[in-house]
Amino acid sequence: MPVDFTASPVQVARALIGAVLLVEGVGGVIVETEAYDDTDPASHSIGGPTARNRSMFGPPGHAYVYRSYGLHWCLNFVCREAGRGAAVLIRAIEPVQGVEQMRERRGIDDERLLCAGPGRLAQALGITDQHDGLPLGLPPFELRPASGASEVQAGRRVGISKAIDLPWRFGLARSKFISRPFSAPQPR
DNA sequence: CTTTCGATGATCT
DNA sequence: GATCATCGAAAGG
């Protein structure tokens, strides 16, 4: 069963943990995601379509790529039906294929840090605005759903200032390739 | 170990 | 002019 991108971003974010994402054959296992829903104050889509977020309002199962802090690219998967503006941010991948190419692109050796964070992951996989709006089911993308059940942990999203208490960040339990630890179960 | 801060530019008020 | 779904280097304990 392929991933159902017409589901809610929370469902999709959870389902993507353990899936394999490749871009031109380079990538690995998705180990960290975040959901951004259409009524979510923290979402880029909250104010309606703009030049930047237009692909967020396009068809589900396509990429939304934006520039972060003027220098990084970040990759999202569009969810729900076209026009809603829901998506999942891909935050970390366990490198599996094309590790040497990732090292070259990132300029570091430490495998743990190749794809641990949305900006790092995009750099390692060669994601840029060229990929914005492209369908995830066709080259250069390749997406293989999680084969078995994964143990998923949830927590608060990273780097946002609104809706900070929603537990919409998901991670593969005990993975060493996530961008940062999940904090204690009980919010402070 | 933790916290702070500069880079760098589009987007929004 | 302020804010940013970030990263990495530097400074502090």
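These numbers were taken from a predicted model, which means no experiment stands behind them. Quick note on labels: first sequence line is chain A, next is B, and so on, each numbered from 1.
- Residue A/Ile160 is classed as a sugar-phosphate contact, given heavy-atom separations below 4.0 Å to backbone atoms only.
- Legend: residues meeting side-chain contact (heavy atoms from CB on, under 4.5 Å) with A/Asp110, ordered by chain and number and at least two apart, are A/Arg112, A/Leu113.
- Reading DNA chain C from its 5' end, the first and the last nucleotide to sit under 4.0 Å from a heavy atom of chain A are C/dC4 to C/dG8.
- With A/Asp40 as the fixed residue, the salt bridge (charged side-chain N to carboxylate O under 4.0 Å, His left out) test singles out one of A/Arg80, A/Lys162, A/Arg84, A/Arg157: A/Arg157.
- Under the 3.5 Å distance criterion, the side-chain polar atoms of A/Asp38 are left unmatched by any main-chain donor or acceptor of A/Ala86.
- Among the heavy atoms of the strands lying under 4.0 Å from A/Arg106 are primed sugar atoms or P, OP1, OP2 only; no base atom is included.
- Rounded to whole Å, atom P of B/dA7 lies 19 Å from atom CD of A/Gln123.
- Secondary structure note: stems in DNA chain C built from 3 or more consecutive Watson-Crick or G-U wobble pairs under 3.5 Å occupy B:1-7 with C:6-12, B:9-12 with C:1-4.
- Between the side chains of A/Thr39 and A/Asp37, no donor N or O sits under 3.5 Å from an acceptor N or O.
- Following rounding to the nearest Å, A/Ile46 (CD1) and B/dT13 (P) show an atom-to-atom distance of 12 Å.
- As judged by a 4.0 angstrom heavy-atom cut-off over every strand, A/Ser179 is placed among residues making no nucleic acid contact.
- Cation-pi geometry between A/Arg156 and A/Trp168 is not met at under 6.0 angstrom from the ring centre and within 45 degrees of the axis.
- Within the nucleic acid shown, A/Arg67 has no heavy atom closer than 4.0 Å to any nucleic acid atom.
- With hydrogens and angles disregarded, no donor-acceptor distance shorter than 3.5 Å links the side chain of A/Asn76 to the backbone of A/Ala87.
- If you check the side chains of A/Gln123 and A/Arg105, you find no donor sitting under 3.5 Å from an acceptor.
- Remark: C1' of B/dT8 and OH of A/Tyr66 are 15 Å apart, rounded to the nearest angstrom.
- In this structure the side chain of A/Pro9 never reaches within 4.5 angstrom of the side chain of A/Tyr36, judged on heavy atoms.
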